[in-house]
Amino acid sequence: MTIQIKKEELFSFLPEHAFSFFADTPVVYHCHHYNLWLDQTIDDALGSRESVALRTRCAHEAFYHYLAQLIPRTGAETPAEKLKVAELIFGAMGHGTLRLHTQAQGGLATGDFLHYGFTWKEKYGEKVRRRHTADAVAAGCAVAATEIAYDLPMGTLDVAEETCVALGAPQCRFQIEGAKQPMPPSRPVGKKETQRLLGDSFTGKYEDQIHAIATGLRNFLGTINSDERGLVQGFGVFVTLHLASYYNSISYNALYNIERTAPQSFRVMEELLIEAGHQCGFNTFGGIIGSPEWEGLAGAPTGDPLEILIGCCAIGRALGFGQWTIQDYTPEKYFVLRSPGTYESTYHVTRHGLASSGRCYLHQGGTLAMVQLAHRVNWRDKPQFTPELYSSLFRGQAQWRTEETHCVSKGDDYCEIVVERTGN
Amino acid sequence: MHIRRDPSCVQFLLWRCTPDLPLEPEELCQKIGQSLINNGFVDKSRETWLLVYEETKQHHQIVLVPKTGRIQVRVHYLIPVPQRPLVAFSLACQLADFLGDTHPKAEQLR
Amino acid sequence: MQILNLPAAAEGVPALQGIFVITMPDCLLFDSYVLPVLQEASEELSALFGELIRNNREVLRLMGSWSSELQITVESSDRLLHLRELREDFLLVFAFEASLPIGMARLFGRRISETLQFQLEGFQEGSLEEEAEESPRAARILEFLQRYAPDPHASMMRLALRTGIPMEHLEAPASLSPQALAKVEEAVCDILGIDQLNV
């Protein structure tokens, strides 16, 4: 049997809600800044040992549900073919090169240029020494793929990353073996579950412009392929097509763990999750708007703040974050971004029920980043998106306050972020 | 020809080249594109509004925007960080040669 | 102008040609006690010594090595220079004759710096005597973190999450209990990936 991964057939898009699915699994594009920051926040919350365990378990679960949907649609029949599909799809998503040498009882997997370890080394390797492994996502994929390939229930096997490039090893190696503890069963949060929650969509101001750019950008993203190492470089950042469930499950599991064990730290954890979104928005959105791709597609940025906000809204949609719409904008003062649902809130309601306050942290940080990009970056000078520029946002009197006034997670009909200027 | 770092949050990978020659954007891109092909670069463009040429040995890329005449040099990420500015500069030298432009002046190599 | 009693500190130290006391990070000469041959270039030397220590610190940072109070020894044919940081805000430079063994230069350097430490206490930035009495170590640990953490704007939030200590308590480091300080120290080591803090 020939393996066939037909991207066009496996990929689906809900245009009114700007959600993307691959094999009926919610997927989003995220850059290495966001990925590394979010993992680091979980490390900060739980300590590295528990964090690695949680992140590996969440990746295991997310990839198990995903591959269970995907592999039967590729024609793969034998375990070897199924493992091959997992390797190919992992690389095609920009996560690096994973090689699975596993049997039903487990075995070895190796990784080269894995997104997390490789980009951690590129970004932080010269600044700090890492003391724990970085590739929980690859580990989770490796163990999930082995279970799917050999028709095993989720949680039959367990995995540990034994060597990691972020710790100085030449290659990442994963040992997979029989699980000592059972994994609690879980149900996927897929396309059906997401659709069930979605209400009517709506539009906002400047809709025609946003829609046109988002469509062009999404079409262009569809043409980007990973290189022979399984990495995707675009717009000056390393990009991954990632499982939304992974982001959501590590974030909310760690957050609710903190609520139970150290409630005084709940707010600071929320702040750091928002900061992850801010890093994402600033670096990825900024990188996209400053790129030749954007210049060819939408023209070089003129420096008009509204133009940047419209562009960022289109980017949010194209990356699969949700139907971001502009509801209100007063230059230098006030900005309202509304969406009929985000990949965070739909997951939260499905898995954790209703919350007492908003739970769209990427959405909050991303909206703040949009406002910063519009008002604090001098686009005419063709800025560098350096750590120094980023740090400068946090200096000076003029700052912005962000509030999630409405959220599907707390029973509202939509998610809404209001950003207001504070100080002079 | 002038070369300076281009917006990127990965260290020293992207570089902007601005020729001194007063060429129209489309003419500039056509001239560079043809020269790159003649010198062994591979055309990897997927869109007419973004031309991408790749060098076959180390996979560095030259990206051109016909609408605006923007030229971006993309050094491959496998090149160690300290060597990236030099690689970018040598690619800019090649571009200057193709165009018959002045030798590159670095505005912000580090 | 003599601000400190450097002659007293230098008393009995053989082969010593001079002491420079330099404020950091601005690399300005604070006080000196040197042979006339070195006197003339004192201001210029101070700036260069400051740069030297700064560059070495950057090298160490890039190599993943850490030291709170850095020491450098420079050998030339006619002179032996020993540089050592004193707190965050001072650099001491000792010039010895080249004949002095390096170990002795380090030993004398340490002894003199211990003497000067007392004299310099009155010159802490903004006369922070209160802070010094309360918890200088906690404050220095936090300064160290903010100086070297990769994303300094978020380092205090990360520390708060790692330790479970609320931000408002971290912002008043003098109020931290010994147990809280131990947690902070461990968390800073984790964030920076180092085994211990020599602060």
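Residue numbers begin at 1 in each chain, while the letters A, B, ... track the order of the sequences.
- Scanning residues 209-225 of chain A against chain B with a 4.5 Å heavy-atom cutoff picks out A:F220, A:T223, A:I224, ordered by number.
- Taking all atoms of both residues into account, the shortest heavy-atom contact from A:D381 to B:R4 is O-NH2, 3.6 Å.
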Distance-only donor-acceptor pairs under 3.5 Å for side chains of residues 90-97 of chain B, two or more places apart:
unit_1: B:S90; atom_1: OG; unit_2: B:V87; atom_2: O; d: 2.9

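- The only member of B:R70, B:K67, B:Q72 that meets side chain to side chain contact (heavy atoms under 4.5 Å, CB included) when paired with A:E295 is B:R70.
- Evaluation of the salt bridge (Lys or Arg N to Asp or Glu O under 4.0 Å) test over residues 18-36 of chain B, restricted to residues two or more places apart or in two chains, returns B:D20-B:K105.
- Within residues 36-59 of chain B, the residues having any heavy atom closer than 4.5 Å to a heavy atom of chain A are B:R46, B:E47, B:W49, B:L50, B:H59, listed by residue number.
- Note that OH of B:Y77 is 10.5 Å distant from CD of A:E122, once rounded to the nearest 0.5 Å.
- Distance CZ/A:R229 to CG/B:L78: 4.0 Å, rounded to 0.5 Å.
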